[in-house]
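Heads up: the structure comes next, in C-alpha cells.
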Amino acid sequence: MTAQIDAPRAKRIDPKYNRARKSRNNFEMMAWLFMRLSGVVLVVLIFGHLISNLLVGQGVHAIDFGFVAGKWASPLWQIWDLAMLWLAMLHGTNGVRTIINDYAEKDRTRFWLKTVLYVVAAFTVLLGTMVIFTFDPCISETVAKSVAQCGAGA
Amino acid sequence: MWSWVGHRVTGVVIFFFLLVHVLDTALVRVDPGAYDAVISAYKNPLMAIGEFGLVAAIMFHAFNGLRLILVDFLKQGPKIQRQLFWTVMVVWVVAVVGFGARHLTLAFTGGGH
Ligand code: HEM
Ligand code: HEM
C-alpha cells in the first residue's frame, strides 16, 4: 500500500486554487480536543454502567422499573447517568458530524443530514435529562408500597 | 487502516443504539408496566447475543479510542503505535471473552430465575 500523492502545487491543480477560507475561531481544534477528553471520561462512565447493569448480581435479569428506581434513589447514579448522557451524545453527534462531512458530496445533502442529526440529538439529550430530573418512583404501585417517600406505612 | 474503519462503524452503531436506549429508558417516566415489558425483551437469549455484540463493539471503540489518544499525546506515541495496536487487540479479546462468559451464562441460565 504505497499511495502516490501529488505535490500540492503540481500543475494539474489550478494555480488559483485556494483553501477554504480559514475560519476565525478554533472550533475544529476544540472539537478534536473534546473527542479525546470525553473519550477518556466515557470509558469510566460506560464501563461502570455496564458492570452495574449487566455483570453484578443477576445481570440483565435484575433490570426492571424497581431496579431503576433503586439506582436513581442515589444522587451518584443520577449524576453518573446525566454525565454519560451528555458526554456520549455530544461525542457521538460530533463523530457523526465528521462522518457526514466526509461522505456527503453535495452541500445541500450535507446541510440536511446535519440538520436532522442536530434535531434528533437535541431531542434525545433533552428527553434523557428530563427523565432523570422528573423520575417519580411512586408511579409504580409495587415500589410505592415499600418506599417511605411515597407514603408507605403512613 | 481497517482499525479506522472499525472505529468508525462501531461509533455509528453505538450512537444509534444510544438514541433507542434513551427512548426505551424514557418509558420509566410514563408507565412502569410498559418499561418492564420492553426491558424483558432484553432478557431473552437472542437479545443476549445482540447485547454481547454491542458490548464487544463498545469495548473495541473504547480501547482503540484510548490508543488513538495515546498516539496523539505521547511523545513517542506514533513510534510505538504498532505495539499499541496489538495491545489493544489482546486486551479487547480478553475483555470480550470475559464479559461473554459471564453475560451469556446469566442469559442462558436465567440468572437464577
Ligand atoms: C445492553 C447494555 C445496556 C443495558 C442493559 C443498559 C441498561 C440501562 C438501564 C437499566 C438504565 C436506567 C438507569 C440506570 O440503570 O442507570 C440505563 C440508562 C442509561 N444508559 Fe444504559 N444500558 C446499556 C448500555 C448502555 C450504553 C452502551 C450506553 C452509552 C453509550 C448507555 C447509556 C445510558 C444512558 C445515557 C442512560 C440514562 C438515560 C436517561 O437519561 O434517560 N447504556 N441503561
Ligand atoms: C468508551 C469510550 C470512548 C472512547 C475512548 C472514544 C474515543 C474516540 C476517539 C479518540 C475518537 C476519534 C476522534 C478523531 O479521530 O478525531 C472517536 C470517534 C468517534 N466516536 Fe468515540 N469514544 C468513546 C465512546 C463513544 C460513544 C459512546 C459513541 C456513540 C454515542 C462514540 C461515537 C464516535 C463516533 C461516531 C466517532 C467518529 C468516528 C470517525 O470520525 O471515524 N464514541 N471516539
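A quick note: this is a predicted structure, and the numbers were derived from the prediction, not measured. The sequence lines fix the lettering, A, B, ..., with proteins before strands; numbering per chain opens at 1.
A distance below 6.0 Å separates the ring centres of A:Phe47 and B:Phe63.
Residue B:Gln83 qualifies as enclosed at atom CD: its count of foreign heavy atoms under 6.0 Å is above 12. In the displayed structure, A:Tyr118 atom OH is contacted under 6.0 Å by more than 12 heavy atoms of other residues, nucleotides or ligands. With a 6.0 Å radius and a threshold of 12 heavy atoms from other residues, nucleotides or ligands, A:Trp32 has its CH2 atom above the threshold. Counted within 6.0 Å of CZ on A:Phe123, heavy atoms from surrounding residues, nucleotides or ligands total 12 or fewer; the atom is thus considered open. Heavy atoms from other residues, nucleotides or ligands lying under 6.0 Å from CZ of B:Phe73 number more than 12. Around the CG atom of A:Leu126, the shell of radius 6.0 Å holds more than 12 heavy atoms that belong to other residues, nucleotides or ligands.
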Query raised in the report: Stepwise, does the side-chain contact (heavy atoms from CB on, under 4.5 Å) test hold for B:Phe99 with A:Leu54?
Result: CA-CA 9 Å; B:Phe99 171 79; A:Leu54 291 180; 3.7 Å; yes
Query raised in the report: Given the rule in the side-chain contact (heavy atoms from CB on, under 4.5 Å) test, do B:Phe15 and A:Met89 qualify, once you have shown the distances and angles that lead to the verdict?
Result: CA-CA 8 Å; B:Phe15 181 73; A:Met89 282 304 296; 4.0 Å; yes
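Chain B forms the most heavy-atom pairs under 4.5 Å with one residue out of A:His91, A:Glu141, A:Arg36, and that residue is A:Arg36. Options A:Val43, A:Ile99, A:Leu127, A:Thr124 differ in how many heavy-atom pairs under 4.5 Å they form with chain B, and the most are formed by A:Ile99. Interface summary for chain A: among B:His103, B:His21, B:Met47, the most heavy-atom pairs under 4.5 angstrom belong to B:His103. Between chain B and the residues A:Ile132, A:Val120, A:Asp102, the most heavy-atom pairs under 4.5 angstrom are made by A:Asp102. If you tally non-hydrogen atom pairs under 4.5 Å between each of B:Leu27, B:Asp72, B:Val12 and chain A, the highest count goes to B:Asp72. Highest contact tally toward chain B, considering only A:Leu42, A:Val40, A:Ile139, is held by A:Ile139 [criterion: heavy-atom pairs under 4.5 Å]. Looking only at heavy-atom pairs under 4.5 Å with chain B, the residue among A:Thr142, A:Thr93, A:Val125, A:Thr98 that has the most is A:Thr93.
The hydrophobic clustering, which links ILVMFWY residues whose side-chain heavy atoms are closer than 4.5 Å, places B:Leu70 and B:Val90 apart. Cluster membership check: B:Val38 shares its hydrophobic cluster with B:Leu19, using side-chain heavy-atom separations under 4.5 Å among Ile, Leu, Val, Met, Phe, Trp and Tyr. Connection of B:Tyr35 to B:Val20 is not established within any shared hydrophobic cluster, with ILVMFWY side chains joined at heavy-atom distances below 4.5 Å, either directly or through further cluster members. Cluster annotation: B:Trp4 is connected to A:Ile100 through the hydrophobic network of ILVMFWY side chains, with a link wherever side-chain heavy atoms come within less than 4.5 Å. Following chains of ILVMFWY side-chain contacts shorter than 4.5 Å, one cannot reach A:Phe111 starting from A:Phe27, and the two form parts of different hydrophobic clusters.
With a 4.5 Å cut-off on non-hydrogen atoms, A:Leu50 touches chain B through its side chain but not through its backbone. Of the two parts of A:Ile51, neither the backbone nor the side chain holds a non-hydrogen atom closer than 4.5 Å to a non-hydrogen atom of chain B. When heavy atoms are compared at a cutoff of 4.5 Å, B:Val30 approaches chain A solely by way of its backbone atoms N, CA, C and O. In this structure, chain B has no heavy atom under 4.5 Å from any part of A:Leu37.
Considering CE of A:Met84 and CG of B:Leu18, their distance stands at 8.5 Å, rounded to 0.5 Å. Interatomic distance, CG of B:Asp31 versus OG of A:Ser140, reported as 9.5 Å (0.5 Å rounding).
Salt bridge status for A:Asp136 with B:Arg29: absent, with no side-chain N to carboxylate O gap under 4.0 Å.
If you run side-chain contact (heavy atoms from CB on, under 4.5 Å) between A:Val131 and each of B:Val28, B:Leu23, B:Val22, only B:Val28 comes through.
Proximity to chain B at a heavy-atom threshold of 4.5 Å picks out A:Ile63, A:Asp64, A:Phe65, A:Val68, A:Trp72 from residues 63-81 of chain A, in numerical order.
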